Structure formats: C-alpha cells, structure tokens
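Presented below is the structure to which this report refers.
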Amino acid sequence: MKRTQSSNRLVQWIDDRLPIFSYADQNIIAYPTPKNLNYWWNYGSIAGILLVIMLVTGIFLAMNYQPNADVAFGSVERIMRDVNYGWLLRYLHMNGASMFFIVVYIHMFRGMYYGSYKAPRELLWMIGVTIYVVMMATSFMGYVLPWGQMSFWGATVITNLFSAIPVIGDYIVLWIWGGFSVDMPTINRFFVWHYLLPMILVMIVVIHLWALHVHKSSNPLGIDIKTPQDMMPFHPFYTIKDLYGLSLFMIVFMYFVFFQPNFFGEADNYIPANPMVTPPDIVPEWYFLPFYAILRAIPDKLGGVIVMFSGVLVLFVLPWLDTSKVRSATYRPIFKQLFWIFVANAIFLGWLGKNPADGIYLILGRISTFYYFFHFLVLLPLVGKLEKPKPLPSSIYEEVSKKCRAKED
Amino acid sequence: MTNSPTNTPQEVDGNRRDFLLISTVTLGAAGAAVAAWPFIHSINPAKDVLALSTSEADLSAMEVGQSITVKWRGKPVFIRYRTEEEIQAALDDDQADLKDPQTDAERVQRTQWLVVIGVCTHLGCIPTGQNVGDKRGNYGGWYCPCHGSHYDTSGRIRVGPAPLNLFIPKYAFTDDMKILIG
C-alpha cells in the first residue's frame, strides 16, 4: 500500500497504524477518473448526499415523532406547528424522498444508456438494484408513518400484495401486520424498519462504492481506461464538478421545499387514518406508479403481483440480457432509439398508474406492460446480436484531445 | 495562459485558484453553519412545551404544618404552610453559618408560605420531607436521600454536598388562597 505523501509527523504516525490518509488519497483525492465524464455522472454523488440529508432530517424528525396509531398523526402536526423548524425538517424529508427517487432513476437510466452494467461492472449494477429495492421498502414504510388516510390505505393495499401467495399468504400478511388489520403493532414495527433500513442502505452504498472503485467509473464513450493519459485525479476536477451540479440540484430541491412542499404528496394524507373508510382515489407515491400500472394491467391477483415484482427483479439480470459487447449507446444506433422508447414507455406507465384502471387506460396499460418486458426479454438480446455498432474511438485521451483542438480552432 | 489538457492543478494561475478555494470553503462553511441551526433548534423546547409553563395551586384546603407538592414544568414544587416554630427556626438561623447565605425574608413572599422547587441542588434528586413520617433531616426541612443533603425550614442547604439553597420559583398570589407558579 502506498504511504501518505504528507510530511506532517502526526499524519504519518496515524497513517502507519490506520491508513486513513493514504486511503482517502487513493479513493478521493488522487483517485483516477476518466477524463470525459459528462453531467449525467453527477447523479451518483447527488444520490449519496441525498441519503445523508434523509438520514439527518429523519433522525431529527424521529426525536419528535410518536410511532403510535393513536397519536402519530397528531405528533406529525405538532412537528409542523410547534416544533422549532419542524415544518422545514418534515418538508425536507418529504420532498427529499421524491428527489432521491428522481436522482436514482436518472442514475439508473444513465447506467442503461451508457451500458455501465456490462462486464466487469455486473455486480456493481446488481448492488445498485439492491439499493433501489431497499429504498422502495424504506420509502413505503416512511409514507405509512404520518398515519393519514393514504398512509393507512397504502399500507393496507401493499401488505395485502403478500396475500396473493398461495397457501401461506394470509398468514404472512397477519405476521406483517402483527394483528388482524394495519394497526398499532404495524406502525410500531414500520417505524423501526424505517429507521433501521437506511442504516443498512448506508452499508450497501459502501459496498456499491467498493465495487465501483475496483474497475473505476465507466464513461460516455464506453471504452476501457488504457493509459494514465485517459484519467484525471478526482480532486479537484470532479469534486468541483460534483459540487457545481449539486448546487444546481439544490436549487430545484429547495424550490419544492419552500414553494411547493406538497407538490408530490396527496391531499388525502392530511386526513387522519380511518380504518372504516377507504378514500375514493387511492394511488401510491409517484415513484411507484409504473409498477402500480403493471400490477393493474394483469387480470389475476397472483399473476399481477408476480409480474409487478418481476418488473423490478428483471433489472438484476439486465447485464446478461444485453448481449452487445459495446457499452455506450452513442455507438449503438438501434439500441439508442430503443432506449428512448423504453424511457418514454416507463413514463407512460407511470402516467397510466395515476389514472383509473378501466376502459382505454386498461388496454394501454396492458400494451405498455407488454412492451416493458418485451424490451428487456426480447429486444435487448436480439439487438445486441443483430445491430452493427459504429466504430469505437481508440482511446479516451484521443477523443478528448480531438474535442479540445476543435474548440481551439 | 495555456489551454493544453493538464493533469495537475497547481501549474496554472496559483493566486486565482487560492482565492477561489478560500472563498468557496468560507462560503460553504458559513452555509453549513446556517443550515445546522434549524436542526439544533428543533430539539429545543417546542412551542407547546413552552405554553405549558405555568401551574396554579389552591392553598385553601391546607392546614398549618401541612405540605403539598405541585407539578410545574415536570418538576415538583414544594409548598409548606409553616408553623410558628418553623418560621422562628428559619429566622433564628438567618445569622448562622450558611453555605449559601440568604435570610428567610428573602425567600418568602408571605412568611407562613414557603414555596421552593423540590429538586436537590446537588444532582437533581427529590428530597424527602413532604409527607408525614418522612425523614426531614437535622434542621426540620427536607433531606435528600441520594447523597445526604440537609435543608432547613427555609429550604436552605445546611449540611451535605449540595452547593445551593432549594430554588424559589417565580410565583405570585392571584388571590388570598391561590398562587400561580411560573
């Protein structure tokens, strides 16, 4: 292992026993990064910072929140009205969740467009999908905690998904609830999970970064790093680029926090939970809508649940469904078009999830659901074999220099 | 100025980069400090807690020699309807060797009523002496069972590790037989 370059005796003394300084130098300061990363590579660091914001706001919210069905709703209103800056903490946390999903979705789409999941980064991708799944579980349980109408009925509907499991389904739901309906034991345990899972999330993120730092970041050209000339030290080049992107992102985030704090929420969740009455329009949070549309497109209880979960799980095998050796969509003319159709279809599915599940919406939902799986299971393997990719540049350095020269002229 | 791609930052324009670095770090640190305040302030007493900061006590049912305990801000307030002997003992001891010198007159609004916060000034235990049969210490006031502090009939510390007399809360007689604490 490389020794620290610092001449400070104390730094050397510590580094000799616990090499945190040389570790930071290798992984943050001098960390070799491809020269040509564009702004789509900002979203990983923004997601990491959002996780920290969610943890800190969440910890301080938990100091005033009561996980008890009788008082939970009131305790959230107390946070809004009586706790100093409680409204700010809660709006940061609420909108932070939506921002977290926007950022992670962009991060995932970036990985899909530039083929970041391909060898040797398959595990990196799969760990990322695991993060996404844990995020979904965490956000779902967080949404239950304010104990409004949407919280309660969202919890009821989502936990009832497990009742579709043959034979043991009903027992599993009973076990999840800790009773015969969503009630006191449910909110208590959901609070515990909602607090615990983010800590687990942090550990998975560390593993994600560990895997990332083995083969380093992919890049928009999708070709491997070959010489030191292809790379730049992470600091100050990418620290400052990440900071700049972060500050732009924070403007958007703060716009919602201060001017549209309930934009992503449902008004019905400001009605206290009533186990006797279901609200007329029950929809999940926006980030679940595409999967909600898939669930409703299937006219069978067990089938719908299986297909919906498959919609998430198919991402795990994406590295093996895409048969092309070329990573970046820049050099894959057909895949590039398919990618954008896939993005449009995913957004369309989300829009369908927001609408009632009958008439034309149902038919469109089925077509859209079919296409979602058709893209992964048929198009990706076939296109990889049939498509003729454009010639790849010989090195990152050459391509970057070419662009620099073009700018100078 | 050179425009060729470079791998090392220190080659170019040192002064300008120093200025940018220092101003970025300074602004960033100031921003972080400002952002920290809502978090720190959020765990200060909330508005509903501050709104509950007065308690009322009705003294009309009390008899001479009796004590009652009233809860104020989550803490006990001792109210004692002192006997003539207790008042006299407190006055006599005004000149005694006191750890935290205070006269009895400074500690009461009406001589027969002593109102003190019932929290030992050592480490916060509740002294005994409110109920009949309780240990009242060597000076007939209160006795803290945790570390053995003795308080007199004016609530002054006489013997033991406590440094100060029992605190007097802010209170006022709203009429002859009612007081408002806080």
Side-chain angles (χ1 to χ4, degrees), chain A residues 29-30 32-33 35-36 53 55-65 74-75 77-93 227-237 239-240 243-244 246-247 250 254 257 396-405 407-409, chain B residues 1-56 70-75 77 119 124 169-170 180-182:
Chain A
I29 313 289
T33 315
K35 268 180 178 172
N36 58 336
I53 293 175
L55 279 167
V56 175
T57 52
I59 287 166
F60 279 86
L61 283 172
M63 291 184 194
N64 280 298
Y65 170 76
S75 80
E77 285 309 303
R78 179 179 169 270
I79 288 172
M80 294 300 289
R81 295 161 197 223
D82 288 340
V83 173
N84 306 311
Y85 292 106
W87 58 273
L88 179 59
L89 298 185
R90 174 157 177 265
Y91 281 156
L92 281 170
H93 200 72
T227 63
Q229 278 184 307
D230 291 343
M231 300 179 288
M232 286 197 302
F234 190 82
H235 181 75
F237 298 109
T239 40
I240 208 70
L243 270 178
Y244 178 65
L246 175 71
S247 56
M250 288 303 274
M254 291 305 126
V257 168
I396 295 172
Y397 174 69
E398 195 165 286
E399 199 66 13
V400 171
S401 309
K402 214 192 286 171
K403 271 197 183 152
C404 273
R405 279 197 295 274
K407 255 183 205 163
E408 275 174 39
D409 290 343
Chain B
M1 278 289 281
T2 158
N3 277 326
S4 61
T6 172
N7 276 337
T8 41
Q10 52 266 40
E11 289 167 26
V12 193
D13 220 354
N15 283 339
R16 184 169 160 271
R17 283 179 185 280
D18 282 349
F19 172 76
L20 285 172
L21 178 69
I22 292 166
S23 49
T24 307
V25 170
T26 310
L27 266 177
V34 171
W37 175 245
F39 292 88
I40 297 165
H41 194 40
S42 76
I43 51 175
N44 266 327
K47 293 189 195 80
D48 61 327
V49 177
L50 295 175
L52 291 175
S53 53
T54 57
S55 300
E56 211 178 25
V70 180
K71 196 174 171 188
W72 176 63
R73 287 184 172 179
K75 290 175 188 166
V77 170
V119 175
K170 203 178 139 200
L180 186 70
I181 304 164

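It should be emphasised that the depicted structure is a prediction, and the values quoted were computed from it without experimental measurement. Naming: A, B, ... by sequence-line order, numbering from 1 per chain.
With sequence neighbours left out, Tyr91(A) forms a ring-ring contact (aromatic ring centres under 6.0 Å, His included) with no residue at all.
Taking OG of Ser42(B) as the start and CG of Leu61(A) as the end, the distance is 8.0 Å to the nearest 0.5 Å. A distance of 11.0 Å separates OH of Tyr85(A) from CG of Asn44(B), quoted to the nearest 0.5 Å. Atom CG of Leu243(A) and atom OG1 of Thr24(B) lie 8.5 Å apart (nearest 0.5 Å).
At a 4.5 Å heavy-atom cutoff, the contact between Arg81(A) and chain B is made by backbone atoms alone.
Considering all non-hydrogen atoms of both residues, Ala46(B) and Val83(A) come closest at CB-CA, 3.7 Å.
No more than 12 heavy-atom neighbours from other residues, nucleotides or ligands sit within 6.0 angstrom of CG on Asn15(B). Around atom NZ of Lys47(B), more than 12 heavy atoms belonging to other residues, nucleotides or ligands sit under 6.0 Å away.
Judged by distance alone, the side chain of Asn84(A) and the main-chain N or O of Ile43(B) form no donor-acceptor pair under 3.5 Å.
Ranked by heavy-atom pairs under 4.5 Å with chain B, the first of Leu88(A), Ile59(A), Val56(A), Asn64(A) is Val56(A).
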